[in-house]
Amino acid sequence: MRLSRSLVPTLKETPAEAQIVSHRLMLRAGLIRQTAAGIYAWLPAGFRVLQRITQIVREEQDAIGAQEMLMPTIQPAELWRESGRYEGYGKEMLRFRDRHDRELLYGPTNEEMVTDLFRQSVRSYRELPQIVYHIQWKFRDEVRPRFGVMRGREFLMKDAYSVDIDRDGAVLNYRKMMLAYMRTFRRMGLSAIPMAADTGPIGGDLSHEFIILAPTGESEVFYDAAFEEIDYSPAAFDATSAADLERFFHLMTSHYAATDEKHDPAQWEKIAPERRRQGRGIEVGHIFYFGTKYSASMGFSVAGPDGKPFHPEMGSYGIGVSRLVGAIIEASHDEAGIIWPDPVAPFRAAILNLKVGDPACDGLSERLYAALGASALYDDRDERPGVKFADADLLGHPWQIIVGPRGAASGKVELKRRASGEREELSPEAALARIGA
RNA sequence: CGGGGCGUGGCGCAGCCUGGUCAGCGCGCGUGUUUUGGGUACACGAGGCCGCCGGUUCGAAUCCGGCCGCCCCGACCA
């Protein structure tokens, strides 16, 4: 993208409404603009980040055999009356009527719809198990939206739903999903810790929240250093092996981890002092098993091996995709701006042409831009070098290729790594090689 | 939803208490000169029915009422 022709409205000053660092930086870097309380427009650079994250989530869901689909944002009230949640959900649900006076709602989640879809089409246990998921906008009419995209009313979420013939199958899918989640967050450069969460009416130990560590996180978290040592790469655990999944699940759930509200000092004291870890965290995912709650209330049953109908066991699994953008920034930034982990950066590199109009600078910059293509943001604006440096740091591109008259004369450019601040002068070819283009 | 605060050019703010030559400052934006590796300097310039509606008054950004929007603390949450 050529910056001179891009809608990337960076701000020198922070708008008054933004309090937390990710919100300020997202506004300042021109990633988002607020449209209404808790509702944001994703501008080109911000949208790219959203897409990078979405893609990682998608790949890891696909890897455990989940099927991607797309359900509507609007749902009929009727579906929710069946499960009894229409009344139960409260004012957080945005309700409205169409021209025929039919009651509709903007979906905050999709359990009812998935259950309905399955009951329409799946008749036998032989068609199970299955997992479906979609990445779709949700709306929860929060009384008090805040923290930018971290707590918006409209948000992008990945929600998956598993359907199994029995509890054992459901447990297996639950564990698969936990593994997929750990891999997903790791790929984004985040340290995530699963923590036991309230399981509601089902009970048991099958509900976990995924907290990522960030110095400015919303809640205090306590955990065992063991979490830092677990290798959950494909080499360590096979997501299709029940034995591996059980071993993995055990590793993940046998160590102490809790947020401040559930913190148990007695348990905490049992951990060796040098293994106690304390920090702040942000919830970015939640998975849970809810058995036959919806299949039973909504009349979804399939024929079993004995020919008799039964209600399948289900679970649902969410990841706050848009919230992750804010969470990643909370976990990775400095005074100057965002520091994107490579896998989620909107652009792999920025090309800073320090002297637009200078034949040597223009020539080198264009050459680099042609080589990098869509993965680069070419700052071809007729601006002062200082402005370009500041904006590049603010935008947080992993790499900056600085093309200035000083080096251009001898065919050299400077390569800066955003995270470390390291710079080195080299040829354009060498710079491209280092970036890995 | 309870408590608090704020709406004045794109952004950050002053002015309001003590109505009238108060529509102003910084940044940004445009033009020119200047500068040329970390938000350059100077000059000139464009840009605002002071959130909306109504009231008081000779006169309202300023006082009064209503409404709308936004933010913060709390309760609540991916």
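Convention: sequence-line order gives letters A, B, ...; per-chain numbering from 1.
With a cut-off of 3.5 Å on both pairing distances, the Watson-Crick or G-U wobble partner of A43(B) is U31(B). In a base pair of the Watson-Crick type (N1 to N3 plus N6-O4 or O6-N4) or a G-U wobble (N1-O2 and O6-N3), with each distance short of 3.5 Å, C1(B) is matched with G74(B). Pair assignment for G69(B) gives C6(B), based on Watson-Crick or G-U wobble hydrogen-bonding distances that are each under 3.5 Å.
Nucleic acid contact class of Ala390(A) (heavy atoms, under 4.0 Å, all strands): base. Contact annotation for Asp159(A): no contact, since no heavy-atom pair falls under 4.0 Å across all strands. Heavy atoms of Leu354(A) sit under 4.0 angstrom from at least one base atom. Backbone-only contact: Ala36(A) has heavy atoms under 4.0 Å from sugar-phosphate atoms and none from a base. The residue Thr14(A) sits close only to the backbone: its heavy atoms come under 4.0 Å of sugar-phosphate atoms, none of a base. Residue Glu17(A) is in sugar-phosphate contact alone, with no base atom involved, counting any heavy-atom pair closer than 4.0 Å across all strands shown. Across all strands shown, Gly326(A) has no heavy atoms under 4.0 Å from either base or sugar-phosphate atoms. Val284(A) comes within 4.0 angstrom of the backbone, heavy atoms only, and of no base. At a threshold of 4.0 angstrom between heavy atoms, the contacts of Arg153(A) with the nucleic acid are absent.
Legend: residues meeting ring pair (Phe, Tyr, Trp, His ring centres under 6.0 Å) with Trp80(A), ordered by chain and number and at least two apart, are Tyr89(A). Contacts of Tyr378(A) classified as side chain to side chain donor-acceptor pair (under 3.5 Å), with partners at least two apart in sequence or in another chain: Asn353(A). Evaluation of the salt bridge (Lys or Arg N to Asp or Glu O under 4.0 Å) rule for Asp62(A) yields no partner, not counting sequence neighbours.
Each ring-ring contact (aromatic ring centres under 6.0 Å, His included) pair with one or both residues in residues 406-428 of chain A, not counting sequence neighbours, would appear here, but there are none. Within the structure, salt bridge (Lys or Arg N to Asp or Glu O under 4.0 Å) pairs that include any residue of residues 147-156 of chain A comprise Asp141(A)-Arg153(A), Glu142(A)-Arg151(A) (at least two apart or interchain).
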Walk me through whether Asp391(A) and Arg381(A) qualify under salt bridge (Lys or Arg N to Asp or Glu O under 4.0 Å).
CA-CA 11 Å; Asp391(A) 276 349; Arg381(A) 296 175 300 173; 3.0 Å; yes

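Taking every nucleotide of RNA chain B with any atom under 4.0 Å from a non-hydrogen atom of chain A, the first and last of them, 5' to 3', are C1(B) to A78(B).
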